[in-house]
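When reading the values below, keep in mind they use all heavy atoms of this one structure, side chains included, and skip hydrogens, waters and symmetry mates.
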Amino acid sequence: MSEATTQDINTLSTAAVPSAPPEAHQRADVGVGEPEYRGLSATYSPEDNKLRLYSLSRLGADLYARVKGAGFAWAPKQEVFVAPMWTPGREDLLIELCGEIGDEDTTLAQRAEERADRFEDYSEKRGADASAARDAAASISSRFEFGQPILVGHHSERKARKDKERIDNSMRKAVQMWDTANYWQARAKGAKRHAEYKQLPAVRHRRVKGLGADLRKQEKALKEHETFLAMWQVHGLTVEQAVKISNFDYVTIQREGKPYPDSLYSLLTAGDITTAEAVALAVKKHNSGATWCRRWIAHYTNRMDYEKAMLDESGGIKADGFDIQAGGRVLVDGEWLTVTRVNKAGGVINSVSTNARYVKVKGIEEVKGYKAPSAEDADRVKAATTLPPLCNYPGEGFHSMTKAEWDATHKDYKGSRELGQGAARSRAGSGRPDIKPGEGVELVGRHRVRSVVHRGALVAVFISDAKRKDAPAPVAAPADPVQLPIVRDVTEAEPARPVQQPAQRTEFDAMRETLRAGGVQTVTAPQLFPTPATLAERMAQEAGMKAGCSVLEPSAGTGSLLRAVAEQLAPATAQVVAVEINPSLVAAINKAFPDVSTICGDFMRCDPRDLGFFDVVLMNPPFVLAQDIEHIQHAKKFIRPGGRLVAICANGPRQQAALKPLAEASGGFYEPLPPGTFKESGTGVNTALLLIEG
């Protein structure tokens, strides 16, 4: 609440009602009587500001819901419910359940040690799991050369697929367990480091400062509650006074059937409630808020006392022995910085403003050394920090406003800026806006003017109803800005940081790289049943290939049909195009048949406009789900008039119904092959040889 607001509302009361005595705000029957539940106990630890609830038996569903709803989480290893921080509501719940809250027996260091032991145990177990998974992968891979390609698609396909899957899974588990073991090992070290860090004097001092800031916020809130209580409890409060108070005091009421709460101000102005009802609601709200603030104040005070006692026991911080004055020098992060201002809170030095390059304000706990200022040092700092005079005059581009308008402007939208000779300007990219100097401004001495955000820009201000003060006259030789030195400390050289050694490469790292590359290298070719050599030779003969003809193999696989074409025709005397969807098989075909134009892709997505038309199409398409029918019908589109398509298909009812009439109608044939023709390729499916004339 601003000072202006306080002054306005204070004029409404002529006799303030004193607040209730502290005893009236204490909780009734705290720690008195028998607890509602048996087998429960509670503790509080000021070291980590956590509440803990211990139970000898499993909580009932309703009680568990209450505990969970209050923010307690179950820690299974410690077998305790833990709340992340103290609150009055959580304290009330534990007192209701347990009757009292005791001190936590274990210290932060002890809990960190126990936690580290658990993490190290986890790490050992996961390390053992990683070794077991690594051995499993090694035992399986011993059946073939580890890491080399496995041809999948022949008669040993099932076994090869299973081996690859088991090796990859074992490697994946080994790497995962190895990473998990390293994770828990790092967590164990981190738990110890965290406990040691929280006990450092500088860290504890920062905690005290934070608690002090929270304490001051609660004290401010309590003062506001007490101020409004005094105003609402004025005897004979009129409707007009109540409306004016409620305009500053935002008290709301949630009425049934309405999605949003209504403020006392809106209800009073609408005449929906009486003044007495408004007073009762406001007094209830502020009494409750004041009680809440007092409990937080007591909590923060107790925590600060504890932290200060622990800080004194550890010897305090280095700066406790320094009488820091403006102009002196402080050692922070290896640099001697000049102190421009000493900042205090509650009569104690909280931080110091310095001439540091970036972060000017340094916490007192960061100070590791101090040098008292000489008279010359104090004069230099005074000259560097003394602001030029604040002037008030109309000028080019100035915005005119009254003092009342200036006072009513929020502090975030107003300030002051320098003008005149040698004025300090904001650096580009600093994020601090600056005003544009008008013409002739350099003809006056250095001074300050008020500034305000007006129409999206920062402009100078002239207060029309305030005393005018013109800019000072220029000087012949303006003094150079005073430079405050920053000196690097050489007496306390920082120890050289140890050279970070590269991590030793382990077998688990090699496994990780193998998995990133796709696991054990295999040639995965679903439904790949290579054409037996004798059948491939017959298909090439049935095609009637001649020198200079064009040949398409749309399911190249391992190249059995391409090999038959090469044996019948010299590669240079024919134009041969092969299509294969598997990249690994394409690489093998390119290596074995360099004169063949091989396309890596799905033949069913190919079009004659892309590949062209061919004199001969030789193919052994996949059989699963009658794909051979679709492939052969699609391949027919690529035959030139007078060309031939020779293909293998499954000899099933669907193939006989769709492909046999097609072959016979074109002048070709549909010939069932002997059972077991593809036995050597790993399948016993019945097959047929068909020829379609173009």
- Message: Please check: side-chain N/O of Arg341 versus main-chain N/O of Thr385, any donor-acceptor pairing under 3.5 Å?
- Response: no
- Is it true that Trp296 and Tyr300 have ring centroids separated by less than 6.0 Å? yes
- Message: Other residues, nucleotides and ligands only: do more than 12 of their heavy atoms fall within 6.0 Å of CG on Asp412?
- Response: yes
- Message: Could you check whether any side-chain N or O of Glu418 sits under 3.5 Å from a backbone N or O of Ala424, counting only pairs where one atom can act as donor and the other as acceptor?
- Response: yes
- Item | Worked verdict on Tyr393 versus His447 for ring-ring contact (aromatic ring centres under 6.0 Å, His included) | CA-CA 12 Å; Tyr393 61 90; His447 64 284; 5.6 Å; yes
- Query: Any Lys/Arg nitrogen of Arg204 or Glu313 sitting under 4.0 Å from an Asp/Glu carboxylate oxygen of the other?
  - Reply: no
- Item | Nearest-0.5 Å distance, CG of residue Asn392 to CG of residue Asp465 | 9.0 Å
- Query: So, Glu47 and Arg303, do they make that salt bridge, N to O below 4.0 Å?
  - Reply: no
- Message: Is it the case that over 12 heavy atoms from other parts of the model lie below 6.0 angstrom from the CZ atom of Phe462?
- Response: yes
- Query: Hey, is the main chain of Lys50 close enough, under 3.5 Å, to the side chain of Ser45 for a donor-acceptor pair?
  - Reply: no
Show me, pair by pair, the donor-acceptor contacts under 3.5 angstrom made by side chains of residues 259-278, not counting sequence neighbours?
from	atom 1	to	atom 2	distance (Å)
Asp262	OD2	Arg255	NE	2.9
Asp262	OD2	Arg255	NH2	3.2
Ser263	OG	Ser266	N	3.2
Ser263	OG	Ser266	OG	3.2
Ser266	OG	Ser263	N	3.4
Ser266	OG	Ser263	O	2.8
Thr269	OG1	Tyr265	O	2.9
Thr269	OG1	Ser266	O	3.0
Thr274	OG1	Glu277	N	3.2
Glu277	OE1	Thr274	N	3.0

- So, are Glu114 and Lys77 salt-bridged, with charged N and O less than 4.0 Å apart? no
- Report the residues that fulfil side chain to side chain donor-acceptor pair (under 3.5 Å) with Arg193, sequence neighbours left out, ordered by chain and then residue number. none
- SB check Glu365 Lys318 (cutoff 4.0 Å): no
- Parallel, tilted or perpendicular: which describes the rings of Tyr122 and Phe119, with under 30° parallel and over 60° perpendicular? tilted
- Run the salt bridge (charged side-chain N to carboxylate O under 4.0 Å, His left out) check on Asp48 and Arg52 step by step: do they pass? CA-CA 11 Å; Asp48 55 11; Arg52 291 173 172 82; 2.9 Å; yes
- Message: Assess whether a salt bridge exists between Lys403 and Asp407, defined as any Lys/Arg side-chain N lying under 4.0 Å from an Asp/Glu carboxylate O.
- Response: yes
- Between Val449 and Ala460 the two heavy atoms that sit nearest each other are CG2-CB, 3.9 Å
- Message: Tell me whether Glu335 is salt-bridged to Arg357, with the criterion being a basic N under 4.0 Å from an acidic carboxylate O.
- Response: yes
- Pairing of Asp470 and Arg468 as salt bridge, 4.0 angstrom limit: yes
- Message: Around atom CG of Asp103, are there more than 12 heavy atoms from other residues, nucleotides or ligands closer than 6.0 Å?
- Response: no
- Looking at Lys192 and Glu120, does any basic side-chain N land under 4.0 Å from a carboxylate oxygen? yes
- Query: Ignoring hydrogens and geometry, is there a side-chain-to-backbone donor-acceptor pair from Thr238 to Gln241 under 3.5 Å?
  - Reply: yes
- Task: Measure the OH-CG distance between Tyr44 and Leu51 for me, rounded to the nearest 0.5 Å.
- Result: 7.0 Å
